[in-house]
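Scroll down for the structure; my scribbles are underneath it.
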Amino acid sequence: MRWEELERRAPKLGRVAHERLVAPGVLLVATSRRDGTPRLSPVEPLILDGDLWLSMMWKSQKAADLLRDDRVLVHSIVTTRDGKEGEVKVRGRAIAIDDQAERARYCEAVAVLGWRPEEPSFHLFRIDIEDVTFIRYAESGDQHVTRWPEGAEYVRRATSDTSVGAPAPTHDLLR
């Protein structure tokens, strides 16, 4: 799926995902190293033509990971301990972009971030979204979860400082 599909079919979740994932200007990308262990790296995101785009330094290890295994987890930056701001996770596939016209359009658009990639010395990926999850914690310790396109929304009530109970259906971002 494309980013625009998230925004069209789940507009409240799309707004939250944009605020938490894209607006800060940096997100975290989890890839799989050759030996199967995870790699976590910061990347600057861009929404362009209805898609989530990530560019990476030429011959970087994270890009090599994605060229070998396109599975990716994109995660928002978490800046507080309490979890009130929430975290967004996007699971999907990183599609390597070699088309010169698409790359040129990206180079023009990304200039708004204050830099411009130099051809051909960067890797460019478009994220094909499989799943979006938003998790936040209330002051009470209750965990609120929204998953799309699954359409699941639930709250898990805090049972102690370190545990939550079974999921109970709720409606917030997907109504």
> Is Arg68 reaching over with its side chain to a backbone N or O of Ser32, donor-acceptor style, under 3.5 angstrom?
Replying inline: yes

> At what distance, to the nearest 0.5 angstrom, does CG of Asp51 lie from CH2 of Trp3?
Replying inline: 11.0 Å

> Considering the options Met56, Arg33, Met57, which one meets the side-chain contact (heavy atoms from CB on, under 4.5 Å) requirement together with Lys62?
Replying inline: Met56

> What do you reckon, is CZ of Arg71 surrounded by more than 12 foreign heavy atoms closer than 6.0 Å?
Replying inline: no

> Between Arg9 and Trp148, what is the shortest heavy-atom contact and its length?
Replying inline: CB-CZ2, 3.8 Å

> Could you state the interatomic distance from CG (Asp128) to CG (Leu52), rounded to the nearest 0.5 Å?
Replying inline: 11.0 Å

> Taking the inter-plane angle between the rings of Tyr106 and Trp53 on a 0 to 90° scale, is it parallel (under 30°), tilted (30 to 60°) or perpendicular (over 60°)?
Replying inline: tilted

>> Can you give me the closest heavy-atom contact between Pro24 and Glu19, atom names plus distance?
In response: CD-O, 3.3 Å

> Sub-3.5 Å donor-acceptor pair from the side chain of Glu85 to the main-chain atoms of Thr79, do we have one?
Replying inline: yes

> If you look at every heavy atom in Ser140 and Ala158, which pair is closest and at what distance?
Replying inline: O-CB, 3.5 Å

>> Once rounded to the nearest 0.5 Å, what's the spacing between atom CG of Leu66 and atom OG1 of Thr31?
In response: 5.5 Å

> Please walk me through it: do Glu87 and Ser76 pass side chain to side chain donor-acceptor pair (under 3.5 Å)?
Replying inline: CA-CA 6 Å; Glu87 59 186 90; Ser76 61; over 6 Å; no

> Taking it one step at a time, do Arg91 and Thr133 satisfy side chain to side chain donor-acceptor pair (under 3.5 Å)?
Replying inline: CA-CA 8 Å; Arg91 291 169 188 83; Thr133 302; 3.3 Å; yes

> Is it the case that more than 12 heavy atoms not belonging to Glu119 sit under 6.0 Å from its CD atom?
Replying inline: yes

> Are Ile135 and Leu174 joined in one hydrophobic group, where the rule is that I, L, V, M, F, W and Y side chains link up if heavy atoms are under 4.5 Å apart?
Replying inline: no

> Do the side chain of Arg156 and the main chain of Val145 share a donor and acceptor less than 3.5 angstrom apart?
Replying inline: no

> Any luck finding a side-chain donor-acceptor pair between Glu153 and Thr146 under 3.5 Å?
Replying inline: yes

> Between atom CD of Glu139 and atom CG of Asp82, what is the distance when rounded to the nearest 0.5 Å?
Replying inline: 8.0 Å

> Taking atom CD of Gln143 and atom CZ of Arg136, what is their separation to the nearest 0.5 Å?
Replying inline: 10.5 Å

> Just how far is it from atom CD1 of Ile97 to atom NE2 of His123, taken to the nearest 0.5 Å?
Replying inline: 13.5 Å

> Of the non-hydrogen atoms in Ile77 and Arg20, which two are nearest, and what is the gap between them?
Replying inline: O-NH2, 2.6 Å

> Are more than 12 heavy atoms from other residues, nucleotides or ligands located less than 6.0 Å from atom CG of Asp161?
Replying inline: no

> Counting only heavy atoms not in Arg8, do more than 12 fall under 6.0 Å of its CZ?
Replying inline: yes

>> In the structure I gave you, are the side-chain heavy atoms of Phe122 and Arg103 within less than 4.5 Å of one another anywhere?
In response: yes

